[in-house]
Amino acid sequence: MADKGPRIFSGIQPTGGLHLGNYLGALRNFVELQATHECIYCVVDLHAITAPHDPSELRQNTYEAVAAFLAAGVDARAHIIFNQARVAAHSELAWVFNCVARYGWLDRMTQFKEKVGKHRAKASVGLWVYPNLMAADILAYKAQKVPVGDDQRQHLELVRDIAQKFNHDFCPKDEPFFPLPEPLILKSGGRVMSLRDGTRKMSKSEPSSMSRILLTDDADAIAQKIRKAKTDALPCPAERDELPQRPEAANLIGIFAALANKPQETVLADYGGKPFSAFKADLAALTISTITPIGAEMARLLGDVTHLEQIMSDGAARAQAIARPIMKKVKELVGFAV
Ligand code: TYM
(Lines give C-alpha, C1' and ligand atoms only; values in the text may rest on other atoms or scores of the structure.)
Protein backbone atom coordinates (compact mmCIF):
# COMPACT_ATOMS: atom_id res chain seq x y z
CA MET A 1 0.00 0.00 0.00
CA ALA A 2 3.01 2.29 0.49
CA ASP A 3 3.20 3.34 -3.17
CA LYS A 4 -0.52 4.10 -3.43
CA GLY A 5 -0.16 7.87 -3.23
CA PRO A 6 -1.23 10.32 -0.53
CA ARG A 7 -3.07 8.90 2.46
CA ILE A 8 -6.78 9.46 2.78
CA PHE A 9 -8.97 9.07 5.83
CA SER A 10 -12.71 9.40 6.03
CA GLY A 11 -15.52 8.20 8.24
CA ILE A 12 -19.24 7.58 8.29
CA GLN A 13 -21.34 7.36 11.42
CA PRO A 14 -23.23 4.12 12.03
CA THR A 15 -26.44 5.86 12.97
CA GLY A 16 -28.58 3.84 10.54
CA GLY A 17 -30.31 4.93 7.39
CA LEU A 18 -27.41 5.74 5.06
CA HIS A 19 -28.85 7.90 2.31
CA LEU A 20 -28.28 9.39 -1.12
CA GLY A 21 -26.44 12.37 0.45
CA ASN A 22 -23.93 10.03 2.08
CA TYR A 23 -23.50 8.28 -1.27
CA LEU A 24 -23.13 11.34 -3.51
CA GLY A 25 -21.20 13.44 -0.99
CA ALA A 26 -18.87 10.78 0.34
CA LEU A 27 -19.09 7.08 -0.57
CA ARG A 28 -18.94 7.62 -4.32
CA ASN A 29 -15.79 9.67 -3.87
CA PHE A 30 -14.29 7.05 -1.52
CA VAL A 31 -14.52 4.55 -4.35
CA GLU A 32 -13.08 6.90 -6.96
CA LEU A 33 -10.07 7.86 -4.83
CA GLN A 34 -8.92 4.29 -4.35
CA ALA A 35 -7.08 4.24 -7.67
CA THR A 36 -4.75 7.08 -6.72
CA HIS A 37 -4.56 7.04 -2.92
CA GLU A 38 -3.93 4.88 0.10
CA CYS A 39 -7.36 4.89 1.72
CA ILE A 40 -8.48 4.31 5.29
CA TYR A 41 -12.26 4.23 5.67
CA CYS A 42 -13.75 4.06 9.10
CA VAL A 43 -17.16 3.42 10.61
CA VAL A 44 -17.05 5.97 13.40
CA ASP A 45 -18.87 4.22 16.22
CA LEU A 46 -17.23 6.38 18.89
CA HIS A 47 -18.86 9.38 17.26
CA ALA A 48 -22.21 7.59 17.16
CA ILE A 49 -22.47 7.41 20.98
CA THR A 50 -22.34 11.20 21.35
CA ALA A 51 -26.14 11.04 21.01
CA PRO A 52 -28.40 8.61 22.89
CA HIS A 53 -28.29 5.18 21.24
CA ASP A 54 -29.44 1.60 21.53
CA PRO A 55 -26.38 -0.71 21.85
CA SER A 56 -27.77 -3.55 19.71
CA GLU A 57 -28.82 -1.12 16.98
CA LEU A 58 -25.36 0.44 17.03
CA ARG A 59 -23.76 -2.93 16.35
CA GLN A 60 -26.19 -3.66 13.51
CA ASN A 61 -25.72 -0.18 12.04
CA THR A 62 -21.97 -0.69 12.17
CA TYR A 63 -22.31 -3.85 10.08
CA GLU A 64 -24.62 -1.96 7.73
CA ALA A 65 -22.06 0.80 7.21
CA VAL A 66 -19.28 -1.70 6.52
CA ALA A 67 -21.61 -3.41 4.05
CA ALA A 68 -22.29 -0.03 2.39
CA PHE A 69 -18.57 0.65 1.90
CA LEU A 70 -18.14 -2.75 0.28
CA ALA A 71 -21.33 -2.60 -1.78
CA ALA A 72 -20.41 0.83 -3.13
CA GLY A 73 -17.12 -0.62 -4.32
CA VAL A 74 -14.43 -0.06 -1.67
CA ASP A 75 -11.78 -2.76 -1.94
CA ALA A 76 -11.07 -3.95 1.61
CA ARG A 77 -8.00 -5.87 0.52
CA ALA A 78 -6.19 -3.02 -1.20
CA HIS A 79 -7.40 -0.43 1.33
CA ILE A 80 -8.61 -0.42 4.93
CA ILE A 81 -12.15 -0.67 6.29
CA PHE A 82 -12.67 -0.92 10.04
CA ASN A 83 -14.66 0.47 12.95
CA GLN A 84 -13.17 3.12 15.17
CA ALA A 85 -13.75 1.41 18.53
CA ARG A 86 -11.26 -1.32 17.60
CA VAL A 87 -8.32 1.10 17.45
CA ALA A 88 -7.52 2.81 20.75
CA ALA A 89 -5.40 5.50 19.08
CA HIS A 90 -8.58 7.43 18.21
CA SER A 91 -9.60 7.90 21.84
CA GLU A 92 -6.07 8.43 23.08
CA LEU A 93 -5.26 11.12 20.57
CA ALA A 94 -8.70 12.71 21.04
CA TRP A 95 -7.83 13.30 24.70
CA VAL A 96 -4.59 15.03 23.75
CA PHE A 97 -6.55 17.16 21.28
CA ASN A 98 -9.16 17.99 23.94
CA CYS A 99 -6.24 19.71 25.62
CA VAL A 100 -4.93 21.35 22.43
CA ALA A 101 -8.20 22.72 20.98
CA ARG A 102 -9.46 25.91 22.57
CA TYR A 103 -12.91 26.26 24.04
CA GLY A 104 -13.63 29.20 21.78
CA TRP A 105 -12.88 27.16 18.68
CA LEU A 106 -15.54 24.59 19.55
CA ASP A 107 -17.91 27.35 20.51
CA ARG A 108 -17.99 28.40 16.86
CA MET A 109 -19.08 25.00 15.50
CA THR A 110 -22.39 25.54 13.74
CA GLN A 111 -23.24 21.84 13.52
CA PHE A 112 -23.24 21.53 17.32
CA LYS A 113 -25.45 24.60 17.64
CA GLU A 114 -27.88 23.30 15.01
CA LYS A 115 -28.03 19.86 16.62
CA VAL A 116 -28.67 20.98 20.18
CA GLY A 117 -30.78 24.07 19.52
CA LYS A 118 -32.05 25.38 22.84
CA HIS A 119 -31.14 22.21 24.73
CA ARG A 120 -27.42 22.89 24.99
CA ALA A 121 -27.18 22.00 28.68
CA LYS A 122 -28.56 18.54 27.98
CA ALA A 123 -26.09 17.71 25.18
CA SER A 124 -23.36 15.20 25.99
CA VAL A 125 -19.87 16.57 26.51
CA GLY A 126 -18.86 14.09 23.81
CA LEU A 127 -21.04 15.90 21.28
CA TRP A 128 -19.32 19.16 22.18
CA VAL A 129 -15.80 17.77 21.63
CA TYR A 130 -16.86 15.67 18.63
CA PRO A 131 -14.66 17.63 16.16
CA ASN A 132 -11.59 16.92 18.33
CA LEU A 133 -12.25 13.21 17.87
CA MET A 134 -12.49 13.82 14.11
CA ALA A 135 -9.08 15.47 14.27
CA ALA A 136 -7.74 12.42 16.09
CA ASP A 137 -9.26 10.07 13.49
CA ILE A 138 -7.46 11.82 10.67
CA LEU A 139 -4.19 12.68 12.36
CA ALA A 140 -3.65 9.29 14.05
CA TYR A 141 -2.76 8.23 10.51
CA LYS A 142 -1.24 11.54 9.40
CA ALA A 143 -3.77 11.49 6.57
CA GLN A 144 -3.28 14.33 4.09
CA LYS A 145 -6.69 14.34 2.43
CA VAL A 146 -10.22 13.88 3.69
CA PRO A 147 -13.13 13.26 1.31
CA VAL A 148 -16.32 14.59 2.93
CA GLY A 149 -19.58 16.31 2.12
CA ASP A 150 -19.83 20.07 2.36
CA ASP A 151 -21.40 19.89 5.86
CA GLN A 152 -18.02 18.80 7.28
CA ARG A 153 -16.11 21.80 5.96
CA GLN A 154 -16.02 23.69 9.24
CA HIS A 155 -14.94 20.60 11.18
CA LEU A 156 -12.05 20.14 8.77
CA GLU A 157 -10.96 23.72 9.35
CA LEU A 158 -10.85 22.95 13.06
CA VAL A 159 -8.76 19.84 12.38
CA ARG A 160 -6.21 22.02 10.60
CA ASP A 161 -6.19 24.47 13.52
CA ILE A 162 -5.56 21.61 15.95
CA ALA A 163 -2.74 20.17 13.83
CA GLN A 164 -1.17 23.60 13.57
CA LYS A 165 -1.40 24.32 17.29
CA PHE A 166 0.01 20.91 18.19
CA ASN A 167 2.93 21.50 15.83
CA HIS A 168 3.46 24.96 17.26
CA ASP A 169 3.28 23.86 20.89
CA PHE A 170 5.25 20.62 20.78
CA CYS A 171 7.54 20.55 17.73
CA PRO A 172 10.65 22.42 16.68
CA LYS A 173 9.70 25.21 14.23
CA ASP A 174 11.17 23.52 11.17
CA GLU A 175 9.91 20.03 12.04
CA PRO A 176 6.09 20.06 12.19
CA PHE A 177 4.80 16.62 13.14
CA PHE A 178 1.27 16.63 11.74
CA PRO A 179 0.29 17.49 8.17
CA LEU A 180 -2.54 20.00 7.69
CA PRO A 181 -5.20 17.78 6.09
CA GLU A 182 -7.13 19.05 3.11
CA PRO A 183 -10.85 18.45 2.64
CA LEU A 184 -11.88 16.93 -0.69
CA ILE A 185 -15.41 18.18 -1.27
CA LEU A 186 -17.17 17.35 -4.52
CA LYS A 187 -18.72 20.29 -6.34
CA SER A 188 -21.39 17.99 -7.68
CA GLY A 189 -23.16 16.01 -4.94
CA GLY A 190 -21.23 17.56 -2.05
CA ARG A 191 -24.44 18.99 -0.63
CA VAL A 192 -27.61 17.01 -1.29
CA MET A 193 -30.70 18.64 0.18
CA SER A 194 -33.93 17.25 1.63
CA LEU A 195 -36.59 16.20 -0.90
CA ARG A 196 -39.15 18.06 1.23
CA ASP A 197 -37.23 21.30 1.76
CA GLY A 198 -34.48 22.42 -0.60
CA THR A 199 -32.94 24.66 2.05
CA ARG A 200 -32.17 21.84 4.52
CA LYS A 201 -29.62 19.11 3.93
CA MET A 202 -30.72 15.53 3.38
CA SER A 203 -30.13 13.94 6.75
CA LYS A 204 -30.83 10.89 8.88
CA SER A 205 -32.29 13.08 11.59
CA GLU A 206 -34.98 14.76 9.46
CA PRO A 207 -38.36 13.51 10.80
CA SER A 208 -39.98 12.77 7.42
CA SER A 209 -38.68 9.59 5.77
CA MET A 210 -39.92 11.09 2.46
CA SER A 211 -37.12 13.66 2.74
CA ARG A 212 -34.36 11.16 1.96
CA ILE A 213 -33.62 8.20 -0.28
CA LEU A 214 -32.01 5.36 1.63
CA LEU A 215 -29.40 3.07 0.11
CA THR A 216 -31.68 0.23 1.22
CA ASP A 217 -34.85 1.62 -0.45
CA ASP A 218 -36.37 -0.55 -3.16
CA ALA A 219 -37.31 0.72 -6.63
CA ASP A 220 -40.92 1.50 -5.64
CA ALA A 221 -39.90 3.51 -2.60
CA ILE A 222 -37.35 5.50 -4.61
CA ALA A 223 -39.86 6.20 -7.40
CA GLN A 224 -42.48 7.32 -4.88
CA LYS A 225 -40.10 9.62 -2.99
CA ILE A 226 -38.96 11.28 -6.20
CA ARG A 227 -42.51 11.60 -7.54
CA LYS A 228 -43.55 13.31 -4.31
CA ALA A 229 -40.39 15.43 -3.99
CA LYS A 230 -41.29 19.07 -3.50
CA THR A 231 -40.94 21.32 -6.55
CA ASP A 232 -42.54 24.61 -7.52
CA ALA A 233 -45.30 25.65 -9.89
CA LEU A 234 -42.96 26.49 -12.80
CA PRO A 235 -41.60 24.05 -15.39
CA CYS A 236 -38.00 22.77 -15.08
CA PRO A 237 -35.43 25.56 -15.01
CA ALA A 238 -33.33 26.15 -18.11
CA GLU A 239 -30.67 28.52 -16.75
CA ARG A 240 -28.25 28.34 -13.85
CA ASP A 241 -29.25 31.78 -12.56
CA GLU A 242 -32.82 30.56 -11.90
CA LEU A 243 -31.53 28.04 -9.37
CA PRO A 244 -30.84 30.19 -6.28
CA GLN A 245 -34.52 31.24 -6.12
CA ARG A 246 -35.71 27.67 -6.72
CA PRO A 247 -33.96 25.52 -4.09
CA GLU A 248 -36.03 22.35 -4.60
CA ALA A 249 -35.58 22.42 -8.38
CA ALA A 250 -31.88 23.19 -7.90
CA ASN A 251 -31.51 20.18 -5.62
CA LEU A 252 -33.15 17.75 -8.04
CA ILE A 253 -31.10 19.09 -10.96
CA GLY A 254 -27.98 18.75 -8.81
CA ILE A 255 -28.81 15.16 -7.88
CA PHE A 256 -29.43 14.32 -11.54
CA ALA A 257 -26.14 15.88 -12.62
CA ALA A 258 -24.20 14.06 -9.86
CA LEU A 259 -25.77 10.69 -10.64
CA ALA A 260 -25.36 11.07 -14.40
CA ASN A 261 -21.86 12.51 -14.03
CA LYS A 262 -22.84 15.42 -16.24
CA PRO A 263 -22.46 19.16 -15.78
CA GLN A 264 -25.60 20.87 -14.45
CA GLU A 265 -25.72 22.93 -17.64
CA THR A 266 -26.33 19.79 -19.67
CA VAL A 267 -29.22 18.75 -17.42
CA LEU A 268 -30.66 22.27 -17.59
CA ALA A 269 -30.40 22.24 -21.38
CA ASP A 270 -32.01 18.79 -21.64
CA TYR A 271 -34.97 19.48 -19.35
CA GLY A 272 -35.38 23.28 -19.27
CA GLY A 273 -39.01 24.23 -19.93
CA LYS A 274 -40.27 20.64 -19.67
CA PRO A 275 -42.76 19.60 -16.98
CA PHE A 276 -41.29 18.23 -13.76
CA SER A 277 -43.20 14.97 -14.22
CA ALA A 278 -41.02 14.00 -17.22
CA PHE A 279 -37.83 15.05 -15.47
CA LYS A 280 -38.79 13.17 -12.31
CA ALA A 281 -39.48 9.97 -14.21
CA ASP A 282 -35.95 10.06 -15.67
CA LEU A 283 -34.45 11.03 -12.32
CA ALA A 284 -36.22 8.10 -10.65
CA ALA A 285 -34.91 5.67 -13.28
CA LEU A 286 -31.38 7.00 -12.88
CA THR A 287 -31.53 6.85 -9.08
CA ILE A 288 -32.99 3.35 -9.09
CA SER A 289 -30.31 2.05 -11.45
CA THR A 290 -27.55 3.48 -9.24
CA ILE A 291 -28.88 2.81 -5.76
CA THR A 292 -30.80 -0.48 -5.87
CA PRO A 293 -27.77 -2.63 -6.83
CA ILE A 294 -25.95 -1.16 -3.81
CA GLY A 295 -28.91 -1.92 -1.54
CA ALA A 296 -29.15 -5.48 -2.86
CA GLU A 297 -25.45 -6.07 -2.32
CA MET A 298 -25.70 -4.62 1.21
CA ALA A 299 -28.51 -7.06 2.00
CA ARG A 300 -26.43 -9.95 0.69
CA LEU A 301 -23.38 -8.90 2.71
CA LEU A 302 -25.45 -8.44 5.87
CA GLY A 303 -26.39 -12.11 5.59
CA ASP A 304 -22.81 -13.02 6.51
CA VAL A 305 -21.81 -11.06 9.60
CA THR A 306 -18.78 -13.30 10.19
CA HIS A 307 -17.33 -12.09 6.92
CA LEU A 308 -17.97 -8.45 7.88
CA GLU A 309 -16.34 -9.05 11.30
CA GLN A 310 -13.33 -10.50 9.52
CA ILE A 311 -12.99 -7.42 7.35
CA MET A 312 -13.24 -5.12 10.37
CA SER A 313 -10.70 -7.03 12.44
CA ASP A 314 -8.25 -7.31 9.56
CA GLY A 315 -8.71 -3.60 8.74
CA ALA A 316 -8.28 -2.63 12.38
CA ALA A 317 -5.02 -4.57 12.66
CA ARG A 318 -3.64 -2.77 9.62
CA ALA A 319 -4.91 0.61 10.86
CA GLN A 320 -3.31 -0.02 14.23
CA ALA A 321 0.02 -0.80 12.62
CA ILE A 322 -0.04 2.66 10.95
CA ALA A 323 -1.20 4.52 14.06
CA ARG A 324 1.14 2.85 16.58
CA PRO A 325 4.41 4.66 15.69
CA ILE A 326 2.52 7.94 15.25
CA MET A 327 1.01 7.67 18.74
CA LYS A 328 4.40 6.71 20.18
CA LYS A 329 5.85 9.93 18.81
CA VAL A 330 2.87 12.00 20.00
CA LYS A 331 3.39 10.73 23.55
CA GLU A 332 7.07 11.53 23.36
CA LEU A 333 6.41 15.05 22.04
CA VAL A 334 3.78 15.74 24.72
CA GLY A 335 6.16 14.53 27.40
CA PHE A 336 4.45 11.42 28.74
CA ALA A 337 6.87 9.11 30.60
CA VAL A 338 5.87 6.02 28.67
P1 TYM B 1 -21.91 11.55 8.61
O2 TYM B 1 -21.96 10.16 9.13
O3 TYM B 1 -22.96 12.51 9.04
O4 TYM B 1 -21.90 11.55 7.04
C5 TYM B 1 -20.99 10.73 6.31
C6 TYM B 1 -20.52 11.47 5.07
O7 TYM B 1 -21.64 11.81 4.26
C8 TYM B 1 -21.62 13.21 3.97
N9 TYM B 1 -23.01 13.71 3.91
C10 TYM B 1 -23.51 14.39 2.88
N11 TYM B 1 -22.96 14.77 1.71
C12 TYM B 1 -23.76 15.46 0.85
N13 TYM B 1 -25.05 15.78 1.12
C14 TYM B 1 -25.63 15.40 2.27
N15 TYM B 1 -26.91 15.70 2.51
C16 TYM B 1 -24.86 14.68 3.23
N17 TYM B 1 -25.10 14.17 4.46
C18 TYM B 1 -23.96 13.58 4.86
C19 TYM B 1 -20.87 13.83 5.15
O20 TYM B 1 -20.34 15.09 4.82
C21 TYM B 1 -19.81 12.79 5.41
O22 TYM B 1 -18.72 12.97 4.54
N23 TYM B 1 -18.40 13.71 11.38
C24 TYM B 1 -18.60 12.88 10.22
C25 TYM B 1 -17.93 11.53 10.30
C26 TYM B 1 -16.47 11.54 10.66
C27 TYM B 1 -15.41 11.87 9.78
C28 TYM B 1 -14.23 11.72 10.56
C29 TYM B 1 -15.35 12.28 8.44
C30 TYM B 1 -15.95 11.24 11.86
N31 TYM B 1 -14.58 11.33 11.80
C32 TYM B 1 -12.97 11.98 10.01
C33 TYM B 1 -14.09 12.51 7.90
C34 TYM B 1 -12.93 12.36 8.69
C35 TYM B 1 -20.10 12.64 10.09
O36 TYM B 1 -20.84 12.75 11.03
O37 TYM B 1 -20.47 12.18 8.89
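In each ligand, atom 1 is the first atom listed, and ligand 1 is the first ligand listed. Atoms considered below: every heavy atom in the structure, side chains included; atoms not considered: hydrogens, waters and symmetry mates.
Among protein heavy atoms, atom 35 (C) of ligand 1 sits closest to Tyr130 OH, 3.4 Å. Among protein heavy atoms, atom 13 (N) of ligand 1 sits closest to Val192 N, 2.9 Å. Here the heavy atom of the protein found nearest to atom 1 (P) of ligand 1 is Gln13 N, 4.2 Å. For atom 9 (N) of ligand 1, the closest heavy atom belonging to the protein is Asn22 ND2, 3.8 Å. Regarding atom 37 (O) of ligand 1, its nearest protein heavy-atom neighbour is Gln152 NE2, 3.9 Å. Nearest protein heavy-atom neighbour of atom 10 (C) of ligand 1: Gly21 O, 3.4 Å.
Atoms of ligand 1 lying under 4.0 Å from at least one heavy atom of Ala26, given by number and element, are 6 (C), 7 (O), 22 (O). Interface atoms of ligand 1 facing Arg191, defined by a heavy-atom separation under 4.0 Å, are 12 (C), 13 (N). For ligand 1, the atoms lying closer than 4.0 Å to a non-hydrogen atom of Gly25 are 11 (N), 12 (C). For ligand 1 and Ile12, the ligand atoms under 4.0 Å from any heavy atom of the residue are 2 (O), 5 (C). Within the listing of ligand 1, atoms 32 (C), 34 (C) sit less than 4.0 angstrom from a heavy atom of Ile138. Each of the following atoms of ligand 1 lies closer than 4.0 Å to a heavy atom of Met202: 14 (C), 15 (N), 17 (N). Below 4.0 Å from some heavy atom of Phe9 lie the following atoms of ligand 1, by number and element: 32 (C), 34 (C). Against a heavy-atom cut-off of under 4.0 Å, Lys204 is close to the following atoms of ligand 1: 2 (O).
For the pair Asp137 and ligand 1, the shortest N or O to N or O distance falls below 3.5 Å. Considering backbone and side-chain N/O atoms, Asp150 never comes within less than 3.5 Å of an N/O atom of ligand 1.
Distance NE2/His155 to CG/Leu106: 8.5 Å, rounded to 0.5 Å. Arg86 CZ to Thr62 OG1: the interatomic distance, rounded to the nearest 0.5 Å, is 9.5 Å. Atom CD1 of Ile80 and atom CD1 of Ile8 lie 13.0 Å apart (nearest 0.5 Å).
Of the candidates Leu184, Asn251, Leu156, Asp151, it is Asp151 that places a heavy atom closest to atom 19 (C) of ligand 1. Among Gly190, Gly149, Gly11, the residue whose heavy atom sits closest to atom 12 (C) of ligand 1 is Gly190.
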For this session: I would like to know whether Leu301 and Glu297 meet side-chain contact (heavy atoms from CB on, under 4.5 Å); could you show each step before the answer?
Result: CA-CA 6 Å; Leu301 289 162; Glu297 179 63 0; 4.0 Å; yes

Problem set entry | Candidate pair Glu38 and Arg7, rule salt bridge (charged side-chain N to carboxylate O under 4.0 Å, His left out), full reasoning | CA-CA 5 Å; Glu38 173 195 357; Arg7 187 175 291 153; 3.2 Å; yes

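Checked by atom type and distance alone, the side chain of Gln84 pairs as donor or acceptor with a backbone atom of Leu46 at under 3.5 Å. Of the possible polar contacts, none joining the His119 side chain to the Lys122 backbone as a donor-acceptor pair under 3.5 Å is found.
The proximity of His47 to ligand 1, defined as any non-hydrogen pair under 4.0 Å, is limited to the side chain. Residue Val146 touches ligand 1 through its side chain alone, judged by heavy-atom distances below 4.0 Å.
Ligand 1 has at least one atom lying under 4.0 Å from a heavy atom of Gly189. Within the structure, the closest approach of His19 to ligand 1 falls below 4.0 Å when heavy atoms are considered.
Donor-acceptor pairing under 3.5 Å is lacking for the side chains of Gln264 and Ser188.
Remark: Glu309 CD is packed, more than 12 non-hydrogen atoms of other residues, nucleotides or ligands lying under 6.0 Å away.
By the 4.0 Å N-to-carboxylate-O rule, Lys225 lies close enough to Asp217 to be salt-bridged with it.
Considering Arg212, Arg200, Lys201 in turn, Arg200 is the only one that fulfils the salt bridge (Lys or Arg N to Asp or Glu O under 4.0 Å) rule with Glu206.
Both cation-pi conditions hold for Lys142 and Phe177: the charged atom is under 6.0 angstrom from the six-membered ring centre and inside a 45 degree cone around its axis. A cation-pi arrangement is absent between Lys115 and Phe112 under the rule of less than 6.0 angstrom and at most 45 degrees off the ring axis.
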